[in-house]
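See structure below.
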Amino acid sequence: MQNQTILNGSHSLDVELINVFKFFNQEPAVHGVDLDIKQGEFFSILGPSGCGKTTTLRLIAGFERVDAGKLLIQGQVMTDIPAYRRPVNTVFQSYALFNHLNVSENIAFGLRLKNFSKSEIAHRVTEALSLVRMDGLRSRYPHQLSGGQQQRVALARALVNRPAVVLLDEPLGALDLKLRKEMQVELSNLHQDLGLTFIMVTHDQQEALSLSDRIAVMNQGKIEQIGTPSQVYERPQTAFVASFIGDTNLLHGEITKVNQEYLEFTTKTGLRIIVDCDKNTAKQTSASVVVTIRPEKIQLSLYPPSISINCFECRLINVMYLGTHVNYLVQLVDGMSLNVLQPNSFTSLPDRNTPIYVWWDKSDCLAISQNP
């Protein structure tokens with residue numbers, strides 16, 4: 001399956017959203033969204049329920065109409081192009097298979113509506129079945145398939161039309177955890193084999209991090225940050241992104257000192273934290289900021305370490321055994337709590353209320369301006 005490309009400047013873009021708005025009852029569900037999605041990219045739109053991510057996908061698909069701004073697919077403005085004429089196909093969380101049609105008939109349904117010849121339909125269906133490894137199940141009906149098999153059929157039905165863009169609306173949300181992990185691998189392999197543009201909407205952070213080339217994090221109808229998985233995880237630009245992508249500890253306070261090597265941050269309870277100068281978005285004293293520290297970046301010790309910065313005495317409040325890792329909740333002397341995640345070392349776990357020390361390197365925390 002070959003994908004067409006439209007060159008736009010120095011990039012080949014399949015989908016562009018330029019200051020796009022969508023209103024429901026005069027309230028903006030999508031608020032001034034700008035997106036440039038490259039040809040062949042696996043792009044995820046990530047955010048909590050009600051943030052506008054599904055509405056954005058429906059705008060691209062043509063199921064909703066843009067109220068303001070521009071939406072282009074392969075360089076063509078889509079304002080007056082109906083959904084059935086757009087070079088996209090959507091895979092829904094519910095699969096949306098026809099129960100009275102078998103696998104082959106479900107996959108062929110769209111081709112028949114477009115009056116393809118019988119020989120072309122047969123060729124394309126066989127090709128699509130092979131792509132999703134369902135060759136031997138073409139005569140089965142949806143109720144005879146597992147959830148993972150139904151998802152493969154839904155994917156094949158989208159791919160058989162040879163779209164430029166495949167839209168994935170929470171595609172693995174209905175699957176159990178083990179099957180979801182397996183399908184993530186298959187989806188990634190399929191994307192790499194086909195070279196098509198995939199745009200996925202999800203609220204699952206790990207799914208977006210593991211599958212995507214780039215991620216757009218949405219909140220209240222707006223894009224908070226766009227970047228690679230490592231960028232949005234390691235260098236979040238807002239407190240929302242830091243807290244939504246994975247787990248983190250957020251400390252509120254202000255900058256009390258700045259030099260060329262580091263900045264000094266003081267919490268509202270008087271805790272003094274040192275942050276690398278190149279790992280922050282705020283560099284002015286008295287600026288109100290949030291410092292984020294990922295739980296896996298924090299180290300633990302039963303004895304005072306020989307470290308002078310970002311090292312604090314605390315007591316152990318709770319221990320949660322997670323199999324591969326152990327989660328510790330500790331409380332500092334100022335009353336503030338921190339979550340700490342450590343690999344399971346198969347040693348005995350300390351008891352609650354045990355005196356303990358936490359520390360982290362100044363490069364392992366990030367200062368984020370309250371108003372980026």
Check against side-chain contact (heavy atoms from CB on, under 4.5 Å), L271 and L332:
CA-CA 10 Å; L271 206 66; L332 280 66; 3.5 Å; yes

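- With a 4.5 Å cut-off on side-chain heavy atoms, D213 and T228 do not count as touching.
- Looking only at side-chain heavy atoms (C-beta outward), I215 and V217 come within less than 4.5 Å of each other.
- Side-chain N/O atoms of H31 and Q220 include no donor and acceptor closer than 3.5 Å.
- For E224 and N219, the side-chain atoms include at least one donor-acceptor pair closer than 3.5 Å.
- Applying the salt bridge (Lys or Arg N to Asp or Glu O under 4.0 Å) test to R138 and every residue at least two apart in sequence or in another chain returns nothing.
- Defined by atom type and a distance below 3.5 Å, a donor-acceptor pair is present between the side-chain atoms of T256 and E264.
- Partner N339 forms a side-chain contact (heavy atoms from CB on, under 4.5 Å) with one of T248, N249, D247 and no other, that one being N249.
- Residues that satisfy the salt bridge (Lys or Arg N to Asp or Glu O under 4.0 Å) test with E41, not counting sequence neighbours, are R214.
- A salt bridge links D80 with R65: the closest approach of a Lys/Arg side-chain nitrogen to an acidic carboxylate oxygen falls below 4.0 angstrom.
- Put simply, the side chain of F265 does not reach to within 4.5 Å of the side chain of E254, judged on heavy atoms.
- Counting heavy-atom neighbours within 6.0 Å of E120 CD, excluding the residue itself, gives a total above 12.
- Side chains of D204 and T202: a donor-acceptor N/O pair is absent below 3.5 angstrom, by distance only.
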